[in-house]
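For reference, the structure discussed in these notes is given below.
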Amino acid sequence: MPEVLLSTQEPVIRYSHYLLRTRREDPTDAEIPSHKLLVKAGFIRQVAAGVFDFTPIAFRVMTRIMEIIRQEMNRIGGQELLMPVLNPASLWIETGRYNAVGAELIRFADRRGTDMCLAMTNEETVTDLARGYVSSWRDLPFMLYHIQTKIRDEARPRGGVMRVREFLMKDAYSFHRDFTDLGAYYVNVYNAYRRIFKRIGLSPVPVEADTGAMGGSASHEFLQPSQSGEDTFARCNRCGMSSNIEKAEVVSTAQAEGSRQAAAEEVHTPNMTTIDDLMSFFGVGPDRFLKAVAYDADGTIVVAFINGAYEINETKLKNALGAMELTVADSRKLTDAGIVPGFISPRIAKLSGVTVLLDRTILSRQAYVMGGDRIDYHVKSAVPGRDFTLSDTVDIASVREGDPCPRCADGTIVLLRGIELGHTFQLGTKYSESMGLTYLSEEGKAAPVVMGCYGIGVERAMASIIEAHHDETGIVWPITTAPFTVMVLPLGADAEVVAAADTTARALSQTYSVLLDDRQESAGVKFADSELLGIPIRAVVSKKLIAKGEVELKVRRTGEVVVVPQKEAPETVRSLLFGLAEKEGVMIDDSWPA
RNA sequence: CGGGGCGUAGCGCAGACCGGUUAGCGCACCUGCUUUGGGAGCAGGGGGUCGGAGGUUCAAAUCCUCUCGCCCCGACCA
């Protein structure tokens, strides 16, 4: 596919009048490389917590990312439209999200007193739009998308532009007659996503994900492995299975133990309420203990029991319970219910108003040390099924590094961190049913439309590109998303240097986007800035070079330097770019550069 | 929302404990001259409601109260 984005008809951009100011020093409040570089190179400026200005050079990058997204969305039949950020609360009340979503959804009343909110995504508006259009199976399928501001009042914005309160997102919505059709289309989106990320210089891992408050069935996150990432995912070292830790299944291996089972025995364990305390007291590993964690799930007490070597995964627990709100229970509430915090055993299941959940990892051993249900006592050699009721077990544990893979025979799990670049959901009928988006089938029966939705964050993609493409001196933009293709540096203020740089810049700008550094700055400053800004090709014009009618071209990514006659500069840039395209794994159509 | 920290020039900071010159330094910015292949030199200069409000005092950047904002860790995260 041709990267026409690099082609340009625009004039040379003159740095001296361009709204761009780099900084000499690293910003103190930035932690991750992309944040530091975006600020240092003058791409972003914070306006409020999680709210940023994007300067012209940054917006050029965003425009290129958006254009690649557009091309790939259009390729799979997407129809671009524009939906509003300002939404009436009534639409969100219809789907139930008005109450289901927390304070991230900004709610307010307009001047007439009508309840409004600022859209964090557009399922409501798109479903509302579609129900005015869809009536027959003949109308399906289709896909709509837009690239629009999203507002989410995040509790804690962080990582520069990684997690913010206002951002641009490409969100796409597909509409189908049934799950089979959705499933088939989902593959198209999946492939389009892979193409988009490859083209912008990223290589995220598609991982199975929890659907969260979005609802629906299948969901994948595209996670770019990075230390700066906020998501943790599990990956099998053999079969490649990848799953967000919020969803990753845990298979515990049963340990072979002697068939002789000692009788349960109460042991005095003064003030020992943690697994660590008990480990040192009993002198055995954490997997010998039955750990109890008490929660308040939508107002009822839930106590989850798990093998002491594992941690409860609250997302999985929440899903198992179908709970909206899950918090750690306060001890007073437990005491009131007749529970002894710190010494809880599954025998409390008989108490009224208490739900007990047993994690599957409990099955891995035949006997445990568990709570004694009275202060300062534990029970040793407690056998599941004998000393407490072994009801159905559930999978609510967090997978650990080194655990066996749930998919293949002999793989083990590795935990990695990643940046969520995109998320795809097979929504199903959650929105169509609640909002009455139905169609008449060939049999003349009304059925809810089956939907999918697919997001990509634009600023986060930009930041991720920097995370993946930078060095000690600055950003190294891939040619597909670079704000400019060539940066021309005249060294010195000599009239002939200025004139030659101008000629070179004009010649190059016939085909490439060019930033001409016409500032009255020393050579060192210009070199440092060109490296910081990360423009793929640097063209130097100096007195020495002019004497021989030459310009020097340097490739930012590789450091390769060539000196060529001034007239050959455009042709040489072209071949350098083809070299870069190959290195970066992107295609350039031979018709480009023209 | 819990814990910790910070608000003084565009950016980074000092001054504050112990109230008292005209609030200072570096970078950036302006003028002039020199300089121009790796963040230049000399000289001169502009820019401040000291986050905001109230209070104490003869006097507040400095002490007290309230408030707003921002950062970090955690919780949260369609």
### Query
Who is the Watson-Crick or G-U wobble partner of B:G69, with both distances under 3.5 Å?
B:C6
### Base-pairing assignment for B:U31 (Watson-Crick or G-U wobble, both under 3.5 Å)
B:A43
## Note on the structure
Per nearest nucleotide of RNA chain B, the residue lying toward the 5' end, A:Glu31 or A:Ala523, is A:Ala523
### Sugar-phosphate, base or nothing in reach of A:Glu531, heavy atoms under 4.0 Å
base
#### Entry: B:C72 to B:C13 separation - P atoms, rounded to the nearest Å
14 Å
### Task
Return the value, rounded to whole Å, for the distance between atom CG of A:Asp517 and atom C1' of B:G38.
13 Å
### Query
Given the rule in the side-chain contact (heavy atoms from CB on, under 4.5 Å) test, do A:Leu105 and A:Leu118 qualify, once you have shown the distances and angles that lead to the verdict?
CA-CA 7 Å; A:Leu105 180 69; A:Leu118 299 178; 5.9 Å; no
### Query
What nucleic acid atoms does A:Glu521 come within less than 4.0 Å of, heavy atoms only: base, sugar-phosphate, or nothing?
base
### Euclidean distance, atom CD1 of residue A:Ile32 to atom P of B:C72 [Å, nearest integer]
10 Å
### Spacing of A:Leu532 atom CG relative to B:G38 atom C1', expressed in whole Å
14 Å
### Query
Counting any heavy atom closer than 4.0 Å, what does A:Asp529 reach on the DNA or RNA strands: base, sugar-phosphate only, or nothing?
base
### Message
Looking at A:Ile466, is its backbone amide N or carbonyl O close enough to the side chain of A:His470 to form a donor-acceptor pair, meaning the two atoms are under 3.5 Å apart?
### Response
yes
### Query
More 5' along RNA chain B: A:Glu154 or A:Gly159, using each one's nearest nucleotide?
A:Gly159
### Task
Scan side-chain atoms only and decide if A:Ser16 and A:Arg519 contain a donor-acceptor pair under the 3.5 Å cut-off.
no
### Message
Is it the case that B:G26 (base atoms only) and A:Arg23 (side chain only) share a donor and an acceptor within less than 3.5 Å, ignoring hydrogens and angles?
### Response
no
### Message
Rounded to whole Å, how long is the line connecting atom CD of A:Glu25 with atom P of B:G26?
### Response
13 Å
### Rounded distance (Å) that lies between atom P of B:C72 and atom CE of A:Met162
13 Å
### Task
Would you classify A:Ser522 as touching base, sugar-phosphate or nothing, given that sugar-phosphate means primed atoms plus P, OP1 and OP2, and contacts are heavy atoms under 4.0 Å?
base
### Query
B:C71 phosphate, OP1 or OP2: any side-chain N/O from A:Gln46 under 4.0 angstrom?
yes
#### Entry: Which nucleotide in B:G74, B:G39, B:G38 has an atom nearest any side-chain atom of A:Phe527
B:G38
### Task
Identify the nucleotide, in any strand shown, that forms a Watson-Crick or G-U wobble pair with B:G37, with both distances under 3.5 Å; if there is none, say none.
none
### Query
Just how far, in rounded Å, is C1' of B:U31 from CD of A:Gln520?
14 Å
### Query
What nucleic acid atoms does A:Val540 come within less than 4.0 Å of, heavy atoms only: base, sugar-phosphate, or nothing?
base
### Task
Can you tell me, in whole Å, how much space there is between the C1' of B:U65 and that of B:G46?
38 Å
### Any donor-acceptor N or O pair under 3.5 Å, side chains A:Asp128, A:Thr125
no
### Message
Does A:Arg519 reach a base, just sugar-phosphate, or nothing at all? Heavy atoms under 4.0 Å.
### Response
nothing
### Task
Would you kindly check whether a donor in the side chain of A:Ser542 faces an acceptor in the base of B:G37, or vice versa, at under 3.5 angstrom?
yes
### Message
Could you tell me how far B:C73 sits from B:A59 if I compare only their C1' atoms? Round to whole Å.
### Response
42 Å
### Message
Using the C1' atom as the point on both nucleotides, what is the distance between B:G3 and B:G45, in whole Å?
### Response
47 Å
### Pair assignment for B:C1, Watson-Crick or G-U wobble, requiring both distances under 3.5 Å
B:G74
### Task
Please measure how far the P atom in B:G48 lies from the corresponding atom in B:C11, and state the result in whole Å.
14 Å
### Task
Take atom CG of A:Asp26 and atom C1' of B:C11, then tell me their distance rounded to the nearest Å.
13 Å
### Message
Would A:Tyr310 and A:Val250 count as a side-chain contact (heavy atoms from CB on, under 4.5 Å) here? Give the steps.
### Response
CA-CA 10 Å; A:Tyr310 283 83; A:Val250 172; 3.7 Å; yes
### Spacing of the C1' atoms in B:U35 and B:A43 (rounded, Å)
15 Å
### Query
From the list B:G37, B:C71, B:A75, which nucleotide is the closest neighbour of the side chain of A:Asp29?
B:C71
### Test: A:Arg460 cationic atom under 6.0 Å from A:Phe167 six-membered ring centre, within 45° of axis
no
### Query
Which nucleotide sits closest to the side chain of A:Thr28: B:G37, B:C70, B:C13?
B:C13
### Message
Just to be sure I understand the rule, does A:Ala48 reach a base, reach only the sugar-phosphate, or reach nothing, if contact means heavy atoms closer than 4.0 Å?
### Response
sugar-phosphate
### Rounded distance in Å between the P positions of B:U56 and B:C64
15 Å
## Note on the structure
Testing B:G38, B:C76, B:C27 for proximity to the side chain of A:Arg24, the answer is B:C27
## Note on the structure
Checking N1-N3 plus N6-O4 or O6-N4 for Watson-Crick, or N1-O2 and O6-N3 for wobble, each under 3.5 Å, the partner of B:C11 is B:G26
#### Entry: A:Arg152 and A:Thr121: side chain donor to acceptor below 3.5 Å
no
#### Entry: Touch class at under 4.0 angstrom, heavy-atom based, for A:Ala49 against every strand present
sugar-phosphate
### Task
Select base, sugar-phosphate, or nothing to describe what A:Ile151 touches, counting heavy atoms under 4.0 Å on all strands.
nothing
#### Entry: Partner nucleotide of B:A59 by Watson-Crick or wobble geometry (both distances under 3.5 Å)
none
### Query
What distance, rounded to whole Å, do you find between the two C1' atoms, one in B:A40 and one in B:U36?
8 Å
### Query
Centre of A:Phe52's six-membered ring, under 6.0 Å away, within 45 degrees of the axis: is that where NZ or CZ of A:Arg45 sits?
no
### Query
What is the distance, rounded to the nearest whole Å, between atom CZ of A:Arg45 and atom P of B:C70?
14 Å
### Lys/Arg cation over aromatic A:Phe233: A:Arg417, 6.0 Å, 45° cone
no
### Task
Go through B:U36, B:G39, B:G74 for me and flag the one nearest to the A:Arg156 side chain.
B:G74
